[in-house]
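Following: one structure in structure tokens, then a few remarks.
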Amino acid sequence: MVAWTDFERVTIKDIFSKIDYEVVGPAAISRCLIVYPWTQRYFAGFGNLYNAAAIKSNPKVAAHGKVIMEGLEKAVKNMDNIKATFTELSTLHSEKLQVDPDNFMLLGDCLAIVVAAQLGKDFTPEVHAAFQKFLAVVVSSLRRQYY
Amino acid sequence: MSLSAKDKETVKAFWAKVSGRAGDIGSDAVARMLTVYPQTKTYFSHWKDLSPGSAPVRKHGGIVVASITDAVNKIDDLAGSLLTLSELHAFTLRVDPANFKILAQNILVVLATMFPVDFTPEVHMALDKFLAALARALSEKYR
């Protein structure tokens with residue numbers, strides 16, 4: 001089980017209460033597809049991903065951004081058992097979607113940047129550290145079922 | 001993943017915009033690296049104070065960002081212009097090159113907090129590529 005400090009718990013819940021899922025989710029996934037274009041390999045069915053403008057205005061990308069945020073919210077609500085919370089999602093990403101798990105932190109890095117842009121000065125080094133730890137636990141849980 | 005002409009243009013234009021806050025950028029990036037990735041503190045055990053905003057952190061942030069500015073100005077020959085720094089990191093400091101990526105990510109986060117509108121995905125990509133190229137040039141003399 002992951003040991004969270006009080007500061008970390010409060011900070012994670014605070015971040016997720018402050019950010020707009022409809023903005024942050026789509027921004028993070030589209031940033032990932034633009035900055036790390038090889039991640040587009042998993043979204044062949046999404047239509048036009050030809051350039052940054054197309055990615056940013058693609059409705060399937062935006063919809064998927066929201067799906068991701070809803071998944072992360074489950075982790076926020078179950079911080080003491082993220083591993084169990086994500087067992088099915090991990091199996092899905094491994095067996096059905098066949099996503100190289102090294103990609104998870106690429107999305108995580110983009111999420112950190114989008115949240116940083118939203119929170120500005122409030123995204124202090126300490127808040128950033130708590131968020132990075134949360135991301136590391138989420139990524140580790142998503143990697144868990146790969147074999 | 002080498003830098004295209006457009007990447008270089010994007011990096012130079014963005015860096016010109018942000019260089020007024022270079023000191024803060026460097027200091028915040030180093031502070032974040034030490035706080036968010038505590039394993040990096042192992043390279044600074046000789047500092048009295050590793051907390052964000054401390055004198056050694058500010059000073060080192062200044063040194064790092066000055067080198068980045070220099071690299072932006074010599075973007076067409078990173079390996080050549082970073083030769084001496086590469087020797088320093090390889091033979092004296094012996095920093096594991098994996099840490100260059102960590103510092104790079106922290107620089108990008110700082111830029112996002114300070115310039116949320118200008119730090120578009122396109123600028124982010126060009127800078128990510130540039131910092132990776134910089135890291136490669138810095139690793140040149142390692143082995």
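Side chains are part of it too, since the values below use all heavy atoms of this structure and drop only hydrogens, waters and symmetry mates. We name chains A, B, ... by the order of the sequence lines, and we start the count at 1 in each one.
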query = Just checking heavy atoms, which of residues 96-118 of chain B are less than 4.5 Å from chain A?
reply = B/Q105, B/N106, B/L108, B/V109, B/A112, B/T113, B/P116
ask   = With only heavy atoms counted, which part of A/K133 is less than 4.5 Å from chain B, the side chain, the backbone, both or neither?
value = neither
query = Considering heavy atoms only, which positions within residues 20-36 of chain A lie below 4.5 Å of chain B?
reply = A/R31, A/I34, A/V35, A/Y36
message = Under a 4.5 Å cutoff for heavy-atom pairs, which residue among A/I55, A/T124, A/V114, A/D122 has the most contacts with chain B?
response = A/T124
query = Where does B/M33 contact chain A at under 4.5 Å (heavy atoms): side chain, backbone, both or neither?
reply = neither
Single-linkage hydrophobic cluster, 4.5 Å side-chain cutoff, A/V67 and A/L135 together = no
request  = Measure the spacing between NE2 of B/H124 and CG of A/D109 and express it to the nearest 0.5 Å.
outcome  = 7.5 Å
ask   = Measuring heavy-atom distances to chain B, does A/E126 have an atom under 4.5 Å in its side chain, in its backbone, in both, or in neither?
value = both
request  = Under the salt bridge (charged side-chain N to carboxylate O under 4.0 Å, His left out) rule, collect the residues that match up with A/D102, sequence neighbours excluded.
outcome  = A/R143
ask   = A/W4, A/F7: one ILVMFWY side-chain cluster at the under-4.5 Å cut-off?
value = yes
inquiry  = Would you say that more than 12 heavy atoms from the other residues, nucleotides or ligands in this model lie under 6.0 Å from the NZ of A/K83, or not?
reply    = no
ask   = Any link between B/V18 and B/L127 through a network of hydrophobic side chains (Ile, Leu, Val, Met, Phe, Trp, Tyr) touching at under 4.5 Å?
value = yes
Other residues, nucleotides, ligands: >12 heavy atoms within 6.0 Å of A/K13 NZ = yes
inquiry  = Please find the pair of heavy atoms, one from A/A129 and one from B/T35, that lie closest to each other, and give the distance.
reply    = CB-O, 3.8 Å
key: Most chain A-contacting option - heavy-atom pairs closer than 4.5 Å, from B/K129, B/M1, B/E122   = B/E122
inquiry  = Is there a continuous path of hydrophobic side-chain contacts, each under 4.5 Å between heavy atoms, that joins A/Y42 to A/L92?
reply    = yes
B/K59, NZ: over 12 other non-hydrogen atoms inside 6.0 angstrom = no
inquiry  = Strictly less than 4.5 Å between heavy atoms, which residues of residues 75-91 of chain B line up against chain A? Please order them by number.
reply    = none
inquiry  = Is there a continuous path of hydrophobic side-chain contacts, each under 4.5 Å between heavy atoms, that joins B/L3 to B/M125?
reply    = no
query = Would you say A/R9 has more than 12 foreign heavy atoms packed within less than 6.0 Å of its CZ?
reply = yes
